Amino acid sequence: MFAAGRIAQFALLILFFVFTGLGIWLGRKGKKFEVRKLAALDALEEGVGRAAEMGRPVHFNPGWYSLDSVEAPQTVAALSVFDRLAHLCARYNVPVIVTLIRPDVIPVVDGLLRNAATAEGRPEIYKAENIRFLSPEQFAYFGGVAEIFAREKPATSVLMGGYMAYSLLVAELGYRYGAFQVAGTASWHQIPFFVAACDYSLIGEELFAAGAYLSKDATLLGGLFGQDVCKLTCVAYVVVATVLWLLGSDLFVKLLKI
Amino acid sequence: MDIWQTLGLWIAAFGTLACFSFAFKENVFFHIVESIFIGTSVGYLVVFALDSIARTGVTPISKGSYIYSIPLLLGLLIFAKYSKEYSWVSRYPVALLVGTGTGLACRAIVEVNIIRQISDTIVISVKDFWSMFNGFLMLVGVLAAIGYFVFTLRGKGRVYSGVTRVGRVVLMVSFATTFGNTVLGRFSLFIGSLQSLLSDWIGLPQRIDYLSATGAVAMLLLIGAACFKDQILDKLRGTKAS
Amino acid sequence: MSKVIRREIPLLLVSFSAILMILDYFFPVPVLSSSAKLTNEWVVVIAGFSLCLGATDLIIVNTRRIMRKTPGSGYALLIIISFLLTLLLGLSSPMTKHPAFQWIYDYFYRPPAGTLYGMLALYLVSAGWRAFKIRTFESVIMLVCAWFLIMANAPIAAVVWEGFPSIGKWIMDVPSAAGWRAFYIGAAIGTLALGLKVILGLERGALGE
Amino acid sequence: MGAREVLRTLERLDSRYLFVLVFIVTAFPLVFPLGIPVKISAPVQKSYDAIEALAPNSVVLIGDEFSAPSWTELGPSYIAVLKHLIRKNIRLVFVSFFSAEAPAAFDTMIKPRVDFAKLKYGVDFVELGFVAGGEAALASFASDIQRTLKVDRYGASLSELGLTKDLRITHFSLVVELDPGAHLSEYLRQLQAPYGLRHISITYGVTAPAYTPYLLAGQLSGMLVAIRGGAEYELLIKEPGVAVSGVDGVSTSHVLFAICLVAGSFLSLVNRLLSKEGKGK
């Protein structure tokens, strides 16, 4: 019934789903979890406040990947960050300019921006022209962003999601215009540049935790606990398996390949 | 070489120089080149999107598979975002995209990102001291770096903070390595752009095409003037006033 | 009722298509694989339409810029003209293979793309100049690793000292690979957890509600 | 201006001076070639050996995710590998899943530089063009080539072309993938994990460290990285080309970069120590 060689994969997938699900369930039951600080996310409010003081907009880009790609979760996580950012911007009456590489994100961003404006009691702050799809070609996109930075000089730039080579171009652009920069990606190939060029950055898995962290929703925080259990499971498995391996048994290695 | 190709080479050279100039200062020529680039790139990709809609969506309908009219309809629904009242309709096509993307992401990531990585960490080679040492270093590094990502289980005391510290160092090594290696890639591209100017256009190092070389100097002067237009204007006004 | 149509059904659609994709990978059942394949084709079509939405948006935003005569409306005009020209040439027969379409690709599209990509080399230099500081133990390690990797990649370094490539290779194969392994594992767990939240309809970013 | 001010100004040096320096140092060997020897690295040698070991008439899948901006980084390697494959009489199938522009880039940048004229279309090679849909399309391609595609890039039916008539995914002896977009894992997941195809990746410098675990685990049978990989491969097949002539620039620019890295951090250290001393007084 199973596809060959995928039993272990399926078992792990289900196991990790169950762990995360249990965490969510515990959270819903009211169990409190203390979460490690994620400075980059705490910095969002500082960034928006800075923009409000300077009377300049905030810039946001949800990364490179479209919603139907394998890296879609990164984009979804970025949009969860955007949800919070849009609320903050509406609260402080700061316009937020969203530049986009992927057109399929347009309706989602549009909806989030509209809802945030309504929820914060400022429906007039929603402007469709602040959502700017530029080009799916990353360097053409960069040209568009460069023009926006030159003209509107955002005080804060938030770059979240999966990234490609243009990450450093946009980050250095922000640096040139003195923008306060918060970034986050699980794209391993771009993380070094965000760490080097931005004020704050989320690294890898932290991006996926952003939605839960920002919403402070007990249910979602429970999910983070579930993720930790998954990680500990991996650690425990590696430790036990290595000891067995050194004793001459490859049982745990074979187990992974069934 | 026909006239179109020559013209093309000159346009390409100008585009290359205008783009490079942005590193020094933003200027009108950079924005002109980039605006054309934005337009052509979107045009280009829309052509391919239409081609792909025709091949995957319309061709089957013309052959009688009417079920393919559903994605065409869903595709059109995405335009509902322009309506204030019915913008929620665009959630239907988006839902299909998000669901498919999420499913694809989850289904295979276990094998490539977890199982492979775990089993390679376990299999420590014991054939000589050096490979064993590397194997153990790898093991410690992987475990410590996983520890860095823990969110909620906050251990107390030295052991925990030691682990996260080591994990942090390991991750930083990975980042620095990638940074260092990226230099190779980016300079390959940089060299390529220089080659297209110096070799394809001007003909170096074998010979010098004087026409192109003069063109290059003229273009550089023009773009330079655009970059420092404000300073130059100030200078001119200054001399006039005095 | 309206909440059901507006919210619940799209969320169900998300869960349904995600679960379909997952099951299709693990269970070789004809019904699953044919419906997964069909869904994939639908997604291709919808993605094509979303690009058209993007193009429409681009035209609307830029036309508005021209009408309002905001600064930079000249650029907006250039964007629209070059877009329409490329589109027309691309669609004229033979589709996507018109010589003028190729010509635009070769001389208007390729050079800026390649140049901006290469320009990253310059930005790497300035980022390297700024970002690598000797402050903490970590920063020294980072500097040393980056430095050795750069030297390992320069052919001239191997001429000076044979050891550079092997040190670079060791850093890449052992400590750096260890970090990436942990990064992959963490990212995978994050992806799975987020995937579950999307399936359960808990992640706010997914549908823009 | 005292020595301290000089040091401090240098630390906050306007990066544009650095840029000018980079331009000069990198362009110099392009105008005055230096001819620094290049050592063949193990992943490139492995790729060469893997292709060398193929039997004549084997079929190789070219995962052409090439795009215009990657020309200078991947182009030379791509051309060198194609030349080698053609020399070995290997039959080639080109297809793209992630880069819509790959076919056009192939026409303008690759085809004119490789001897395709002596090959017969449909027998020696087939271009399947761009298949939208990313990983899903790749998976469906792997499970049934003819059903997924039906026609090639030029509209000819796959069942009428000799090479693709009965082609199954398992007939491929090797996958050569042009990887500017970090799509290796998709390929491995859909082609290697289920069907065990061997894989060579022609990739960017930025992706190389993260691909090393795959190389160590044997999932990759070889890897060519950036212009340097191209230069090494050109030397292996004894046809020096663009990459070999550009690789001197790699040396000079890298040395400059290494100096900048040390100088930048050293300056910051000295300035910090000096300012601490100043505060002490």
Side-chain angles (χ1 to χ4, degrees), chain A residues 6 8-9 12-13 16 33-36 66-73 76 104 106-108 110-111 114 134-137 139-141 143-144 146-147 150 188-189 191-193 195-196 203-206 209 221 224-225 227-228 231-232 234-235 237-239 241-242 245-246 252-253 256-257, chain B residues 19 22 26 30-31 33-35 37-42 44-45 78 80-82 87-88 90-91 93-94 96-98 100-102 104-111 114-115 118-119 121-124 126 139 142-143 146-147 149-154 171-172 174-179 182 186:
Chain A
R6 288 182 186 165
Q9 293 177 43
L12 264 183
L13 180 87
F16 285 2
F33 295 102
E34 198 185 323
V35 183
R36 159 167 83 87
S66 59
L67 289 171
D68 59 328
S69 76
V70 205
E71 298 289 349
V76 173
D104 54 357
I106 297 174
V108 184
D110 193 74
R114 231 184 260 256
L134 294 168
S135 170
E137 211 305 320
F139 299 106
Y141 162 83
E147 214 235 323
W188 45 266
H189 38 94
I191 255 291
F193 311 117
V195 172
I203 295 169
E205 196 189 353
E206 293 173 354
L221 289 179
L224 291 187
F225 172 73
Q227 276 169 259
D228 285 348
K231 267 167 273 180
L232 291 189
C234 289
V235 169
Y237 193 95
V238 170
V239 171
T242 313
W245 167 260
L246 291 174
F252 272 52
V253 182
L256 286 174
K257 299 207 165 106
Chain B
C19 284
F22 185 76
E26 62 132 345
F30 170 76
H31 289 310
V33 169
E34 273 294 333
S35 303
F37 185 25
I38 293 176
T40 42
S41 66
V42 176
Y44 196 80
L45 290 161
I78 209 165
K81 84 131 221 179
Y82 289 117
S87 64
W88 56 270
S90 63
R91 274 184 206 159
V94 171
L96 205 59
L97 295 183
V98 174
T100 314
T102 309
L104 285 175
C106 290
R107 71 187 210 177
I109 206 165
V110 181
E111 156 74 7
I114 301 180
I115 291 188
I118 286 183
S119 49
T121 313
I122 298 167
V123 184
I124 293 174
V126 284
L139 178 71
V142 171
L143 296 185
I146 293 179
F149 286 113
V150 167
F151 296 112
T152 58
L153 303 162
R154 315 205 49 193
L171 283 170
M172 290 300 152
S174 314
F175 297 165
T177 312
T178 301
F179 192 101
T182 308
R186 301 303 185 242

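Source: prediction; values computed, not measured. Here is the naming used below: chain letters follow the sequence lines, and residue numbers restart at 1 for every chain.
Only the side chain of B:R186 comes within contact range of chain A, with heavy atoms under 4.5 Å apart. Interface residue A:I191: only side-chain heavy atoms are found under 4.5 Å from chain B. With a threshold of 4.5 angstrom between heavy atoms, B:V150 approaches chain A through its backbone and through its side chain. Contact annotation for A:V253: only side-chain heavy atoms (C-beta onward) come within less than 4.5 Å of a heavy atom of chain B. Of the atoms belonging to B:V33, not a single heavy atom falls under 4.5 Å from chain A. Of the two parts of A:A140, the backbone and the side chain both hold a non-hydrogen atom closer than 4.5 Å to a non-hydrogen atom of chain B. When heavy atoms are compared at a cutoff of 4.5 Å, A:R114 approaches chain B solely by way of its side chain, counted from C-beta outward. When heavy atoms are compared at a cutoff of 4.5 Å, A:L232 approaches chain B solely by way of its side chain, counted from C-beta outward. Using a 4.5 Å cut-off between heavy atoms, B:I114 contacts chain A through its side chain alone, with no backbone atom that close. A:F33 touches chain B through its side chain: at least one heavy atom from C-beta onward sits under 4.5 Å away, while N, CA, C and O do not. For B:F22, the parts lying near chain A are the backbone and the side chain together; criterion is any non-hydrogen pair under 4.5 Å. Contacts between B:V98 and chain A at a heavy-atom distance below 4.5 Å involve backbone atoms as well as side-chain atoms. For B:T182, the part sitting under 4.5 Å from any heavy atom of chain A is the side chain, from C-beta outward, and nothing else. When heavy atoms are compared at a cutoff of 4.5 Å, A:F252 does not approach chain B at all. For B:I109, no part lies under 4.5 angstrom from a heavy atom of chain A. Contacts between A:V195 and chain B at a heavy-atom distance below 4.5 Å involve the side chain alone, from C-beta outward.
Taking all atoms of both residues into account, the shortest heavy-atom contact from B:I38 to A:G143 is CD1-C, 4.4 Å. Among all heavy-atom pairs drawn from B:F30 and B:C19, the shortest one is CD1-CA, 3.9 Å. Summarising the geometry of A:A241 relative to B:I122, their closest heavy-atom pair is CB-CD1, 3.4 Å, with the distance given to 0.1 Å. Between B:F149 and A:K231 the shortest heavy-atom distance is O-NZ, 3.0 Å. Here the closest non-hydrogen pair linking B:S90 and A:P107 is OG-CB, 3.6 Å. For the residue pair A:L134 and B:V42, the shortest heavy atom distance occurs at O-CG2, 3.5 Å.
Taking A:E206 as the reference, A:R36 meet the salt bridge (charged side-chain N to carboxylate O under 4.0 Å, His left out) condition, with sequence neighbours excluded. Every residue meeting the side chain to side chain contact (heavy atoms under 4.5 Å, CB included) condition with A:S66, not counting sequence neighbours, appears here in chain and number order: A:D68, A:S69, A:R102, A:D104.
When each of A:D228, A:V70, A:T242 is scored by its heavy-atom pairs under 4.5 Å with chain B, the top score falls to A:D228. The most heavy-atom pairs under 4.5 Å with chain B, out of A:E205, A:R6, A:K257, A:Q9, come from A:Q9. In terms of non-hydrogen atom pairs under 4.5 Å with chain B, the most contact-rich of A:A146, A:A150, A:P192 is A:P192. Annotation: maximal heavy-atom pairing with chain B below 4.5 Å, among A:D110, A:I106, A:I203, occurs at A:I203. Taking chain A as the reference chain and counting heavy-atom pairs below 4.5 Å, the highest number among B:I124, B:T100, B:I146 is found for B:I124. Here B:I118 is the residue among B:T178, B:L171, B:I118 with the most heavy-atom pairs under 4.5 Å with chain A.
Annotation: the span from A:L13 atom CG to B:E111 atom CD amounts to 12.5 Å, rounded to 0.5 Å.
Looking at heavy atoms from C-beta onward, A:F16 lies in side-chain contact with A:C234 at the 4.5 angstrom threshold.
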Q.
Would A:L221 and A:V35 count as a side-chain contact (heavy atoms from CB on, under 4.5 Å) here? Give the steps.
A. CA-CA 8 Å; A:L221 289 179; A:V35 183; 3.6 Å; yes

